[in-house]
Amino acid sequence: MASSLHPQRGHWYKRPDLNDLFEVVAIDDDDETIEIQYFNGEIEELDRTSWEQLQLAAAAPPEDWTGALEVEKYAINDRVDDSPTSLDDALNHLDLNKI
C-alpha cells in the first residue's frame, strides 16, 4: 500500500510497520527529498519515491514531543503563552525571540 499522504513540515506521522512516530523536519523541493526525525532522535532523508512507498498514517504529536532532545520544558513554557505543539513550533518561537 502506497502512502497517499502529502508530507508537510512540522506534521507528525506514524509508520504502522515499525510502530514509530516521526516528524517531517525539512522538505527540499529542488532535490525532491524529505527529512524526517523519529521520536528517538534518529534523522532520515527520503526521496519522494521512498516516501510514496511507505505505509503511513497521520499522527498527533506525542505528549512529550521533545523526544530525544534535551529541552527543558520550563524554559519553553515560561516564555510561551501557548505551549508549542511540535518541535517546529518551538524552533520558530526560538528564532523569533532569540532566546
Side-chain angles (χ1 to χ4, degrees):
M1 179 176 103
S3 174
S4 61
L5 293 174
H6 182 73
Q8 294 182 13
R9 185 174 157 243
H11 287 230
W12 285 82
Y13 301 88
K14 182 174 185 173
R15 289 189 59 181
D17 59 326
L18 300 176
N19 199 29
D20 273 343
L21 287 175
F22 67 87
E23 180 180 16
V24 173
V25 293
I27 299 172
D28 187 330
D29 291 325
D30 294 333
D31 290 339
E32 295 190 3
T33 58
I34 301 147
E35 189 171 299
I36 64 174
Q37 183 170 17
Y38 290 94
F39 183 70
N40 68 4
E42 180 183 342
I43 295 176
E44 182 176 356
E45 185 176 89
L46 304 169
D47 59 36
R48 291 269 179 191
T49 303
S50 297
W51 173 271
E52 292 167 359
Q53 292 175 351
L54 290 176
Q55 294 181 5
L56 299 175
E63 188 173 318
D64 178 12
W65 54 265
T66 58
L69 301 176
E70 294 181 15
V71 176
E72 295 183 38
K73 290 180 188 179
Y74 71 86
I76 293 174
N77 288 337
D78 286 349
R79 295 182 179 101
V80 181
D81 292 338
D82 296 319
S83 295
T85 58
S86 71
L87 173 59
D88 192 50
D89 288 347
L91 292 175
N92 287 337
H93 177 77
L94 293 173
D95 286 343
L96 291 172
N97 294 294
K98 304 291 184 206
I99 297 175

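Every residue two or more places apart in sequence or in another chain that forms a side-chain hydrogen bond (donor to acceptor under 3.5 Å, both in side chains) with E44 is listed here: Y38. Scored by the salt bridge (charged side-chain N to carboxylate O under 4.0 Å, His left out) test, D30 finds no partners at all (sequence neighbours excluded). Residues that satisfy the side-chain hydrogen bond (donor to acceptor under 3.5 Å, both in side chains) test with D47, not counting sequence neighbours, are S50. Not counting sequence neighbours, the partners of D29 by the side-chain hydrogen bond (donor to acceptor under 3.5 Å, both in side chains) test are R48. Scored by the side-chain contact (heavy atoms from CB on, under 4.5 Å) test, Q8 finds H6, H11, Y13 as partners (sequence neighbours excluded).
Nearest heavy-atom pair, A57 versus P16, reported as atom, atom and distance to 0.1 Å: N-CD, 4.5 Å.
A distance of 6.5 Å separates CD1 in I34 from CG in L46, rounded to the nearest 0.5 Å. Going from atom CH2 of W12 over to atom CD of Q37 covers 7.5 Å, rounded to the nearest 0.5 Å.
Counting only residues at least two apart or in different chains, salt bridge (charged side-chain N to carboxylate O under 4.0 Å, His left out) contacts with residues 5-15 comprise R9-D88, R15-D17.
When the side chains of ILVMFWY residues are joined at heavy-atom separations under 4.5 Å, either directly or via intervening members, L5 and L54 end up in a single hydrophobic cluster.
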**Asked** Can you list the steps and then say if I27 with W51 is a side-chain contact (heavy atoms from CB on, under 4.5 Å)?
**Response** CA-CA 11 Å; I27 299 172; W51 173 271; over 6 Å; no

